[in-house]
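Before any comments, here is the structure.
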Amino acid sequence: EQAAYKDLAESIDGYVKAHSLDLGAQKWTDVERAFESGAQKHTGSKLYPYFLAYKAEALVQQGKLKEAAAVLDTVVSKINTQQPLYSVYA
């Protein structure tokens, strides 16, 4: 679980940079890939849905709205209803 936290933090750092510096479409593709990689690597982690949620945001930034909606459906199905952020995604 510690590795998942580390990977999520590193991916969020890339997200923040892409968002605040407006680095363009290629950077959002990189951000999407980073969160997808983290999600695949940590499917058993309680952080798994958060990797997907950020991936969905990166897809939105690229204009891939249908794909983002599908990913968010997965987020809602995977997030524990007892998690404090459940209501944000559900």
Side-chain angles (χ1 to χ4, degrees):
E1 197 67 14
Q2 243 181 345
Y5 276 101
K6 179 181 181 288
D7 288 348
L8 185 61
E10 289 174 359
S11 297
I12 289 172
D13 185 52
Y15 169 88
V16 169
K17 287 177 184 172
H19 201 277
S20 64
L21 299 177
D22 194 23
L23 297 175
Q26 181 58 45
K27 190 60 180 174
W28 284 112
T29 301
D30 294 344
V31 169
E32 174 195 347
R33 287 184 188 138
F35 285 110
E36 174 62 26
S37 175
Q40 289 178 359
K41 189 175 174 183
H42 302 291
T43 56
S45 168
K46 64 182 176 183
L47 298 178
Y48 173 70
Y50 299 103
F51 282 102
L52 295 179
Y54 276 101
K55 175 187 173 183
E57 174 61 20
L59 290 166
V60 167
Q61 293 296 329
Q62 296 171 74
K64 300 177 181 179
L65 303 182
K66 286 184 181 182
E67 193 175 340
V71 172
L72 284 174
D73 284 343
T74 303
V75 170
V76 171
S77 73
K78 298 294 182 183
I79 197 167
N80 184 322
T81 58
Q82 302 303 312
Q83 291 289 328
L85 294 177
Y86 175 77
S87 62
V88 172
Y89 298 105

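It should be emphasised that the depicted structure is a prediction, and the values quoted were computed from it without experimental measurement.
- Remark: K78 pairs with no residue by the salt bridge (Lys or Arg N to Asp or Glu O under 4.0 Å) rule, at least two apart or across chains.
- Residues passing the side-chain contact (heavy atoms from CB on, under 4.5 Å) test with A39 are Y48, F51, L52, sequence neighbours excluded.
- In this structure, the side chain of S37 does not engage the main chain of A34 through any donor-acceptor pair within 3.5 Å.
- Taken together through direct or relayed side-chain contacts under 4.5 Å among Ile, Leu, Val, Met, Phe, Trp and Tyr, L65 and F35 form parts of separate hydrophobic clusters.
- Expressed to the nearest 0.5 Å, how far NZ of K27 lies from CD of Q61 amounts to 13.5 Å.
- Each salt bridge (charged side-chain N to carboxylate O under 4.0 Å, His left out) pair with one or both residues in residues 47-56, not counting sequence neighbours, appears once here: E36-K55.
- Between A4 and S45, the closest heavy-atom pair is CB-OG, 3.5 Å.
- With sequence neighbours left out, Q62 forms a side-chain contact (heavy atoms from CB on, under 4.5 Å) with W28, T29, E32, A58, L59, K64.
- Each of V60 and V76 belongs to its own hydrophobic cluster when Ile, Leu, Val, Met, Phe, Trp and Tyr are linked at side-chain heavy-atom distances under 4.5 angstrom.
- The shortest non-hydrogen separation linking V75 to P49 is CG2-O, 3.6 Å.
- By the neighbour-count criterion of 12 heavy atoms within 6.0 Å, atom CD of E1 is densely surrounded, having more than that number from other residues, nucleotides or ligands.
- For D13, the side-chain contact (heavy atoms from CB on, under 4.5 Å) partners two or more places apart in sequence, or in a different chain, are K17.
- The CG atom of L47 sits 10.0 Å away from the CD1 atom of I79 when rounded to the nearest 0.5 Å.
- Judged as a salt bridge (charged side-chain N to carboxylate O under 4.0 Å, His left out), not a single pair has a partner in residues 44-54 (not counting sequence neighbours).
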